[in-house]
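Since the structure comes first, as structure tokens, the remarks are kept for the end.
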Protein chains: 2
Amino acid sequence: MPRLSKDQCLSDLKLRILSTALAPGSDLDETTLAEHYGMSRTPMREVLHRLAGAGFITTSENRGAKVASMDIGTMRTFFQTAPMIYANIASLAAEARTGPQMDALKDAQHAFTKATAAQDAQATALANHRFHAVIGEMAHNPYLVASLDRLLIDHTRLSQRFYQPANANEKMLIVKASDQHDALITAIEAQESALAIDLSLQHWDLSRDRMERYVRPDPLPVDVVSLKDRRNAV
Amino acid sequence: MPRLSKDQCLSDLKLRILSTALAPGSDLDETTLAEHYGMSRTPMREVLHRLAGAGFITTSENRGAKVASMDIGTMRTFFQTAPMIYANIASLAAEARTGPQMDALKDAQHAFTKATAAQDAQATALANHRFHAVIGEMAHNPYLVASLDRLLIDHTRLSQRFYQPANANEKMLIVKASDQHDALITAIEAQESALAIDLSLQHWDLSRDRMERYVRPDPLPVDVVSLKDRRNAV
DNA sequence: GGGCTCGAAATTGTATACATTTAGTACACA
DNA sequence: TGTGTACTAAATGTATACAATTTCGAGCCC
């Protein structure tokens with residue numbers, strides 16, 4: 001993949017991280033990446049520092065870069081923090097959104113429905129990411145957006161598997177999420193911020209249920225042996 | 001100032017920005033800075049990208065770096081956002097603080113009172129910054145801390161002049177702020193998160209009053225001419 | 001066999017030369 | 001006098017060579 005510009009390289013790496021093509025916690029070798037993108041190490045290092053600043057990766061002196069990890073502690077914090085930020089962002093977006101931003105939001109939603117119809121899980125997750133990032137732009141609040149962007153990174157990585165519906169019920173949940181997007185678009189366009197808060201919290205409830213089901217899968221059938229084993233485990 | 005390590009250079013630039021020795025919006029020349037810190041342009045550029053990632057400066061392609069500006073629109077957003085984030089951070093800090101972090105917090109408060117006693121406005125503002133940054137570390141929430149850190153940058157830059165007390169009344173306000181710090185330390189150490197929220201909101205009210213007095217100085221004497229002029233202004 | 005030291009290979013960090021882009025100025029022309 | 005254009009100087013962006021650090025394995029001692 002030779003001769004990509006720095007911006008293209010940046011967004012490509014973001015996509016690879018959001019889609020977990022680059023797994024959380026995995027090492028990034030700057031020499032390899034530089035060759036891959038057809039540039040020298042100097043601009044590649046600059047891209048890596050940008051990614052680090054935005055929370056996609058972490059770097060440590062003399063020890064290279066890693067994709068930001070998603071340990072159990074961080075996820076607890078994620079579930080604790082997301083609804084507050086999402087709701088506030090939605091409220092501010094309803095107050096401050098502009099016309100071109102509304103267009104961008106509808107575009108993102110269009111891409112979302114198209115990806116769900118095609119059963120393309122990865123494209124669905126990324127379109128969802130873009131949808132919520134646009135709402136962030138609308139809020140016009142650099143302080144909260146710094147939080148939001150970091151939340152969305154982990155949200156998108158966590159959601160990766162839910163957009164691959166395993167049964168009719170899961171398929172229905174995705175349709176429901178899409179309907180909530182439409183309702184949110186209407187509320188934001190009408191500048192009804194109280195409604196936007198309410199809708200974004202409903203939307204969060206749906207996401208959280210799906211994500212928690214993945215994080216903590218349905219309990220296994222109980223039997224005496226496994227229980228005894230577990231009782232003495234750490 | 002030759003032969004400073006990259007970390008020293010980074011924190012020195014942060015201090016110069018927080019103290020407004022480098023004015024908001026002013027241009028940064030990477031060649032000059034590199035010479036000043038006794039390093040080549042490559043690591044200097046890396047430092048600048050780190051600062052950009054943390055919100056201290058902004059960079060634009062082929063056009064260099066600027067210290068983050070503080071326009072009137074951003075400040076409106078600042079006043080809107082700060083109390084929510086400060087209160088949530090204080091609450092989380094009370095829940096999650098560790099022993100060493102408590103020591104660091106008390107150190108910062110010690111530096112704060114020492115600086116006020118010495119009437120050193122700049123040292124006071126920076127010690128106040130450190131105090132609140134430590135509470136951020138305690139909260140152990142990377143999402144919210146991203147917001148907090150950006151708020152604190154502007155908070156410290158705005159506060160710069162208030163710690164230069166012009167009269168007995170202003171001197172008393174600084175003493176009051178210091179007392180609130182002490183109360184907050186006690187609440188966090190006792191893990192009383194509801195109290196910590198309340199105290200941090202009180203502390204914010206005090207700061208906001210001081211800052212707004214600077215941003216919007218006491219109203220000028222009303223006269224008919226200026227009123228008429230203003231009525232037709234944008 | 002376990003753990004240590006030493007050294008070579010690989011990886012990251014820095015300096016510098018060179019390419020590219022921007023900004024400022026002089027000058028021509030209307 | 002104002003405007004547009006070409007040129008020059010200064011700044012940013014990139015590539016590459018070299019220095020410093022870390023990692024990993026071989027060899028050794030206990």
Side-chain angles (χ1 to χ4, degrees), chain A residues 1-17 20-69 71 142 153, chain B residues 1-17 20-69 71 142 153:
Chain A
M1 194 191 283
R3 291 291 107 205
L4 275 172
S5 82
K6 221 163 39 175
D7 282 345
Q8 289 172 310
C9 164
L10 188 70
S11 47
D12 185 65
L13 278 170
K14 284 182 181 175
L15 253 49
R16 286 168 74 188
I17 292 171
T20 64
L22 292 170
S26 60
D27 287 312
L28 296 173
D29 180 73
E30 62 185 48
T31 308
T32 310
L33 284 173
E35 280 173 19
H36 182 266
Y37 287 109
M39 56 177 70
S40 75
R41 280 177 51 223
T42 310
M44 191 64 238
R45 283 168 63 86
E46 187 192 312
V47 168
L48 290 177
H49 285 118
R50 276 193 150 81
L51 288 170
F56 284 83
I57 67 176
T58 60
T59 60
S60 51
E61 194 91 352
N62 288 318
R63 224 166 289 180
K66 276 184 191 306
V67 177
S69 61
D71 52 285
I153 293 171
Chain B
M1 194 191 282
R3 292 290 106 205
L4 274 173
S5 82
K6 221 164 37 173
D7 282 345
Q8 289 172 311
C9 165
L10 187 71
S11 47
D12 185 64
L13 278 170
K14 284 182 181 175
L15 254 48
R16 285 167 74 187
I17 292 171
T20 65
L22 293 171
S26 58
D27 287 313
L28 296 173
D29 180 77
E30 62 185 47
T31 308
T32 310
L33 283 173
E35 280 173 19
H36 182 266
Y37 288 109
M39 58 177 69
S40 75
R41 279 176 52 222
T42 310
M44 188 68 236
R45 282 168 64 86
E46 188 192 312
V47 168
L48 290 177
H49 284 118
R50 277 195 148 81
L51 288 170
F56 284 84
I57 68 175
T58 60
T59 60
S60 52
E61 194 92 348
N62 288 318
R63 222 168 289 180
K66 277 184 189 310
V67 177
S69 62
D71 52 285
I153 292 170

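Sequence lines set the chain letters: A, B, ... in the order given, protein chains first and strands last, and positions in each chain run from 1. This structure is a prediction, so every number in the text was calculated from the model and none was measured.
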Could you check if a side-chain atom of A:L13 sits within less than 4.5 angstrom of a side-chain atom of A:L33, using non-hydrogen atoms only?
yes
Which whole-number value in Å describes the distance from B:K6 NZ to D:dA20 C1'?
12 Å
Got a sec? Which of residues 41-49 of chain B come in under 4.0 Å of DNA chain D, heavy atoms?
B:R41, B:R45
Between C:dT22 atom C1' and B:R63 atom CZ, what is the distance in whole Å?
8 Å
Can you tell me the distance, in whole Å, between the CD atom of A:E61 and the P atom of D:dT23?
13 Å
Point-to-point distance, once rounded to the nearest 0.5 Å, from CG of B:L10 to CG of B:L48
9.5 Å
Using whole Å, report how far CG of A:D27 lies from P of C:dA10.
17 Å
Smallest separation among heavy atoms of B:M39 and B:S5, with atom names:
CE-O, 4.2 Å
Measure CG/B:N62 against P/D:dT12 and give the value in whole Å, please.
10 Å
Rounding to an integer number of Å, can you tell me how far A:E30 CD sits from C:dT11 C1'?
8 Å
Side chains of A:V47 and A:Y37: closer than 4.5 Å at any heavy-atom pair?
no
Rounded to whole Å, please give me the gap between CG in B:D29 and P in C:dA23.
14 Å
Take atom CE of A:M39 and atom C1' of D:dT16, then tell me their distance rounded to the nearest Å.
16 Å
Closest non-hydrogen contact found for A:V67 with A:A23 is CB-O, 3.4 Å
Kindly compute the distance separating CG (B:L28) from NZ (B:K66), expressed to the nearest 0.5 Å.
9.0 Å
